[in-house]
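Positions are given from 1 along the sequence.
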Amino acid sequence: MKALCEKYAAKLAAQGLAPGTGHDAPLVGGLDAELVWNREDPRTGELAGLFTRLSINSLVFVRPAEPYRTILDFLAARCPDGIRPEDTETRTFLHDIPVCADFTAEAMAAQLKRRKVIVIPGQGVAACGTVTPEQGFVSVSSAVFSTFVLFFSDYLNRARRIELDDEYIDVFSRVVRLLPAPHTDLPGLAAGPFADEETVLAAMAEAGRKVVGYGLVDSFFGNISYKLGETIYISQTGSSLDELEGCIDPCPMDGSTTNGLTASSELSAHEDVYRRSAYDCILHGHPKFAVIMSMDCERDDCPNRGHCHIHCTECRTVDGVPIVPGEVGTGPTGLCHTLPPAMAKNGAAIVHGHGLFTAGNNDFNAPFARLLEIENRCRDLYFERLAQYV
């Protein structure tokens, strides 16, 4: 258990979500025969009280790295009754993010009984798990991602409506100064086409690691696939894109196996893209500014406002890349209906509030390059659009 605690503490630091050393380095605890922590810290005494108050066996506590720390503290101060992002990840996974005023086991447990992750202003973010520390890692990562998207989306909307106040302007300026420079280099992935399962699996694992390493996905969300003959190799549901070895399912397109039961929930969308086009591979990530720009719309009077993610009828694009509605899965409003025709025509599509899909031929170099290019363009477009109002 201690090794798992150390692993997810290291992943939080590697993804830039928390400092790797010092007082603010992550605290990850796990209960096996006894409660163990990844490192010693006086705060573990209070945090240990959560294990006696909740039916959990793991806990992640993080004082986020900048700019996430400033964003979370600002939103928590503005929304003491709870932070409510509107991205797809929040709707399907977090619902909302409670704000806990006190760093006490009693107060934190009361909030964690109803939600997976909480914010303690000025202290950090806490999330628990019933199986492994991975659950807390995913919840913390999702909370950081969702609040980043909310902060930038809300600022642009307020600027458009001339509703910005001095505090928001000052905090926004500080956050922008703290943003890391965008990646502009490309990783040089394995060259295809790939002729056998072994090379396909290796290429997918390599591409997945780079998608995570470049910050184009948070926690383990996103997926990846490659079509070899009439078989689609696709990452399993819940798999970590930076640890895909052993977590890729071969799914014949004729449905002749049950492998699809453990495959990504977006398998049907991938299948239909391949049926409609000559593409061989697909990457799907959750790059932050692509998600932010997918949710930006000037039509406050739209009758579908509040249901944009499933009922948007506006024809919106980012430099020709279509933005489509759709929920995860295969239901009547699933992205399996909206994504494939857009992808087949453009080779890329952004799903409202969700993320970005790109496709290519032979190998993952072109899809990765386009994933990065579109995210960087969305980042530039955000500030170009903001400049119209401030």
Side-chain angles (χ1 to χ4, degrees), residues 87-89 91-93 194 197 200-201 203-205 207-208 211 216-217 219-241 244 246-287 290-291 294 307-313 321-361 364 367 370-371 374:
D87 60 289
T88 296
E89 205 159 295
R91 276 195 305 274
T92 59
F93 187 67
F194 308 120
E197 180 176 286
V200 167
L201 298 180
M204 291 177 67
V211 169
L216 298 171
V217 67
S219 62
F220 63 53
F221 296 100
N223 45 65
I224 181 172
S225 71
Y226 191 92
K227 180 176 178 288
L228 179 63
E230 292 303 308
T231 297
I232 297 173
Y233 290 83
I234 190 167
S235 51
Q236 293 178 352
T237 185
S239 59
S240 299
L241 286 191
L244 284 180
C247 297
I248 297 171
D249 286 332
C251 300
M253 294 185 70
D254 63 5
S256 57
T257 76
T258 58
N259 291 351
L261 294 174
T262 56
S264 167
S265 57
E266 288 157 11
L267 170 62
S268 60
H270 285 242
E271 285 179 333
D272 204 20
V273 172
Y274 291 130
R275 290 191 181 99
R276 291 169 176 260
S277 70
Y279 294 123
D280 301 314
C281 48
I282 296 172
L283 284 180
H284 168 46
H286 292 193
V291 175
S294 77
H307 302 282
C308 311
H309 63 295
I310 53 176
H311 293 308
C312 180
T313 56
V321 178
I323 299 170
V324 301
E327 294 182 295
V328 175
T330 57
T333 57
L335 59 83
C336 61
H337 305 294
T338 55
L339 179 71
M343 286 282 288
K345 182 177 180 180
N346 297 276
I350 305 170
V351 180
H352 183 283
H354 180 159
L356 171 61
F357 289 78
T358 58
N361 297 106
F364 293 101
R370 199 157 187 213
L371 199 71
I374 294 169

Rounded to the nearest 0.5 Å, what's the gap from [atom1] on [X] to [atom2] on [Y]? Could you check?
{"X": "Ile282", "Y": "Leu371", "atom1": "CD1", "atom2": "CG", "result": "12.5 Å"}
{"X": "Thr237", "Y": "Asp249", "atom1": "OG1", "atom2": "CG", "result": "10.0 Å"}
{"X": "Leu228", "Y": "Cys281", "atom1": "CG", "atom2": "SG", "result": "12.0 Å"}
{"X": "Leu244", "Y": "Gln236", "atom1": "CG", "atom2": "CD", "result": "9.0 Å"}
{"X": "Lys227", "Y": "Tyr233", "atom1": "NZ", "atom2": "OH", "result": "12.0 Å"}
{"X": "Thr231", "Y": "Tyr274", "atom1": "OG1", "atom2": "OH", "result": "12.0 Å"}

* To do: For the pair His284 and Phe357, name the ring-plane relationship: parallel under 30°, tilted 30 to 60°, perpendicular over 60°.
  =>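 His284 vs Phe357 ring planes: parallel.
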* **Heavy-atom pair with the smallest gap, counting every atom of Leu339 and Ala349** =>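 Scanning both residues completely, I find the closest heavy atoms to be CD1-CB, 3.7 Å.
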* To do: Over all heavy atoms of both residues, which pair between Ala344 and Arg276 is shortest? Give the atoms and the distance, please.
  =>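 Where Ala344 meets Arg276 most closely, the heavy atoms are CB-CB, 3.6 Å.
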* Output all residues satisfying side-chain contact (heavy atoms from CB on, under 4.5 Å) with Arg275, sequence neighbours left out; order by chain, then residue number. =>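 Listed in chain order: Met253, Glu271, Asp272.
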Whether [X] side chain and [Y] backbone form a donor-acceptor pair below 3.5 Å:
{"X": "Thr358", "Y": "Ala348", "value": "no"}
{"X": "Asn361", "Y": "Ala278", "value": "yes"}
{"X": "Ser277", "Y": "Val273", "value": "yes"}

* To do: Decide yes or no on side-chain hydrogen bond (donor to acceptor under 3.5 Å, both in side chains) for Ser225 and His270, but give the supporting numbers first.
  => CA-CA 8 Å; Ser225 71; His270 285 242; 2.7 Å; yes
* Step-by-step side chain to side chain contact (heavy atoms under 4.5 Å, CB included) determination, Asn346 to Val321 -> CA-CA 7 Å; Asn346 297 276; Val321 178; over 6 Å; no
